[in-house]
Amino acid sequence: MASAAPRGRPVTDLPVVLVPGMLCDADVWADVGPHLPGPVVHAGITAPDIGGMAEQILAAVEGPFVLAGLSLGAIAGFEVARRAPERLAGFCAVSTNAAAPTAEQLAAWAGFDRRTRDGEFSAVVAEEILPTMFSGPDPLLHRRFLAMVRRVGPGTFRAQLAAQATRRDAHAAVAGLSCPVLVVSGARDRLCPPEFHRAIAAQARNAVLRVLPEAGHLLTYEAPRAAAAAMSGWLRSFPHSRRSFECPRP
């Protein structure tokens, strides 16, 4: 919480740490990050468990920050909220799910892992992952996504699948946050539909919910202007909360 931050040099613009989803890298934020106020830092999530991913995010910057996570990136962010809520000046959860995994999800991820281990990475992506990413067929977006997937690779995919299995329900962690919370959903997200996001927003003390029409799961690709507008407007709406933190003097 803001009062727990160390005394010292005042911060006028805290960093926004952008965390990608599964099989994504910093490019998933490429059309959004440049429009956000203040410095932007990208954090990778490659650890094979959610706790390790949370520690990767916390290590991306020193002191307080605003966390924006997409899908698995937000799930790792929920663990940050559990471990270090005093570090968070704001939390933006995009295209995500705060519930614990279902038996069906665990079985599906185990199948994806087994097939990937057996050399079927491209088939798993094409048959199981790609169809859930967008609201409809778009060859340009498909090519961009698949290029990103190739950069991430099967090794990181398997680590991220293992991490998914260590998830737990995070609604209580959201309820414990005192910082502003933005929840962004695509109205046509088949993987994490709007009702998941309404449940997250309902738990937060200070939440704003934005549902982007016509957008699917990877809304930063499919509706980048709307996503950037929602996030930048939200960030500018609580300058006093951001500036109430202080970082240690160098």
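Numbers for residues simply follow the sequence, beginning at 1.
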Go through the steps for R167 and E79 under the test salt bridge (charged side-chain N to carboxylate O under 4.0 Å, His left out), then give the verdict. CA-CA 9 Å; R167 285 166 44 187; E79 185 63 25; over 6 Å; no
Does [X] reach the side chain of [Y], with side-chain heavy atoms less than 4.5 Å apart?
X	Y	result
F145	L140	no
L18	L36	yes
I75	Q164	yes
M231	C92	yes
F91	L182	no
L72	M53	yes
F157	V152	no
V19	L70	no

Calculate, to the nearest 0.5 Å, the distance between atoms [atom1] and [atom2] belonging to [X] and [Y] respectively.
X	Y	atom1	atom2	result
M22	L191	CE	CG	8.0 Å
D138	E222	CG	CD	7.0 Å
L219	F134	CG	CZ	10.5 Å
R82	L177	CZ	CG	10.5 Å
R114	R158	CZ	CZ	11.0 Å
I45	D25	CD1	CG	11.0 Å

Dump the intermediate steps for side chain to side chain contact (heavy atoms under 4.5 Å, CB included) on W29 and V94, then the final yes or no. CA-CA 11 Å; W29 296 106; V94 181; 4.3 Å; yes
Under a single-linkage definition using a 4.5 Å side-chain heavy-atom cutoff for Ile, Leu, Val, Met, Phe, Trp and Tyr, are V211 and F196 assigned to the same hydrophobic cluster?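 In one cluster with V211: F196, no.
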Show, in sequence, the C-alpha distance, side-chain angles and deciding distance for V183 and V208, and conclude whether the side chain to side chain contact (heavy atoms under 4.5 Å, CB included) test is met. CA-CA 6 Å; V183 185; V208 174; over 6 Å; no
Give a yes or no answer on whether the side chain of [X] reaches the backbone of [Y] with a donor-acceptor pair at less than 3.5 Å.
X	Y	result
R87	F65	no
E128	F112	no
T132	I129	yes
Q105	T102	yes
T96	S71	yes

Say whether D27 and Y221, considering side chains only, have a donor N or O and an acceptor N or O under 3.5 Å apart.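 Indeed, the side chains of D27 and Y221 share at least one donor-acceptor pair under 3.5 Å.
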Could you check whether Q160 and T46, counting side-chain N and O atoms only, form a donor-acceptor pair closer than 3.5 Å? no
Looking only at heavy atoms, what is the nearest atom pair of [X] and [Y], with distance?
X	Y	answer
C24	L218	SG-CD2, 4.2 Å
A215	S135	C-CB, 4.2 Å
A74	G69	CB-O, 3.3 Å
I200	A98	CG1-CB, 3.7 Å
D113	L161	N-CD1, 3.7 Å
A228	V32	CA-CG1, 4.0 Å

Might you work through the side chain to side chain contact (heavy atoms under 4.5 Å, CB included) test for V17 and V66, ending with a clear yes or no? CA-CA 6 Å; V17 177; V66 176; over 6 Å; no
Looking at R225 and D31, is any side-chain nitrogen of the basic one under 4.0 Å from a carboxylate oxygen of the acidic one? no
Between E55 and R83, does at least one N-O distance fall below 4.0 Å, as a salt bridge requires? yes
Salt bridge (charged side-chain N to carboxylate O under 4.0 Å, His left out) between R115 and E127: does it pass, once the steps are laid out? CA-CA 12 Å; R115 291 180 62 191; E127 297 166 10; 2.9 Å; yes
Qualifying side chain to side chain donor-acceptor pair (under 3.5 Å) pairs with a residue from residues 181-195, counting only residues at least two apart or across chains: S185-H197, R188-E214, D189-H217
Stepwise side chain to side chain contact (heavy atoms under 4.5 Å, CB included) check, V80 with L58: CA-CA 7 Å; V80 171; L58 287 166; 3.8 Å; yes
Quick check on R117: does its CZ atom have over 12 non-hydrogen neighbours (other residues, nucleotides or ligands) under 6.0 Å away?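 Counting other residues, nucleotides and ligands, CZ of R117 exceeds 12 neighbours.
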